[in-house]
Amino acid sequence: MKTLLAPTVLRPPARLGTRTTVSQPPALTGEAPVQPRVRAGAAELRARREADLHRALARLADTGTAVRVGRYSLVGPRQDPADRLAETQAVVHRRRWTDSITTFDITGAGGPALRPQMARLFAALDAGEIHGIVAVSQVDISPYHDIYAHTLAVLRARRGFLALARSETSI
């Protein structure tokens, strides 16, 4: 069967890191060009976390609900979690919150979404057993700002919060 259309030749995709030269400028569209995402710094992440914390605490205070939290720490292999969990206990005691769950994960389990005990805390948050998570520092969630920011967004979407014993710049 003969067709009137010329056969199309598929070009292989350009390799990453290679430059392609175009003799004409890109076509103008009504949309703004895509801007590279600016990574949030520690101060901005702290502001987000504290805003989420204050928003959740205000909501709970308005309903007269006692704040229930899960204490969490991420420790290395053969590291005793007791010292880090004691720091989270100090936060719970100082704020007069109720400690419902105390747990820890051992490093090597990957990002927060893949850690079994972190998943347990998110399930408890979804079930209404706890209202937030208390950890020692940002490193217990993730040392990477983008993963940490994503975890804060997930907590916010679930109407939960994260409280830290140390600031985002501490280990």
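The chain is numbered in sequence order, starting from 1. All figures in this text were calculated on a predicted structure; none of them were measured in a lab.
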What distance do [X] atom [atom1] and [Y] atom [atom2] have between them, rounded to the nearest 0.5 Å?
| X | Y | atom1 | atom2 | answer |
| --- | --- | --- | --- | --- |
| E129 | R120 | CD | CZ | 8.5 Å |
| D126 | R159 | CG | CZ | 12.5 Å |
| F122 | Q117 | CZ | CD | 13.0 Å |
| R55 | E50 | CZ | CD | 12.0 Å |

[X] side chain to [Y] backbone, donor-acceptor under 3.5 Å:
| X | Y | value |
| --- | --- | --- |
| D52 | L155 | no |
| R68 | T98 | no |
| D62 | R59 | no |

Legend entry - Other residues, nucleotides, ligands: >12 heavy atoms within 6.0 Å of R156 CZ: yes
Can you list, pair by pair, the side-chain donor-acceptor contacts under 3.5 Å of residues 75-82, counting residues two or more places apart and other chains?
residue : atom : partner : partner atom : Å
Q79     : OE1  : G76     : N            : 2.7
D80     : OD1  : A82     : N            : 3.2

Can [Y] be reached from [X] by stepping across I, L, V, M, F, W or Y side chains whose heavy atoms are under 4.5 Å apart?
| X | Y | answer |
| --- | --- | --- |
| I133 | Y148 | yes |
| I141 | V154 | yes |
| L60 | L125 | no |
| V134 | V67 | yes |
| L74 | M118 | yes |

Shortest non-hydrogen contact between [X] and [Y], atoms and distance:
| X | Y | value |
| --- | --- | --- |
| V136 | E87 | CG1-OE1, 3.8 Å |
| S100 | I130 | CB-CG2, 3.8 Å |
| L53 | A163 | CD1-CB, 4.5 Å |
| T88 | Y72 | CG2-O, 3.9 Å |
| A124 | I101 | CB-CD1, 3.6 Å |
| A149 | R48 | CB-NH1, 3.5 Å |

Non-hydrogen side-chain atoms of [X] and [Y] separated by less than 4.5 Å:
| X | Y | answer |
| --- | --- | --- |
| I147 | P112 | yes |
| R71 | Q89 | yes |
| H131 | L57 | no |

Legend entry - Carboxylate-amine/guanidinium contact D140 R84, below 4.0 Å: yes
Legend entry - No-hydrogen, no-angle side-chain donor-acceptor test under 3.5 Å, H145 and Q138: yes
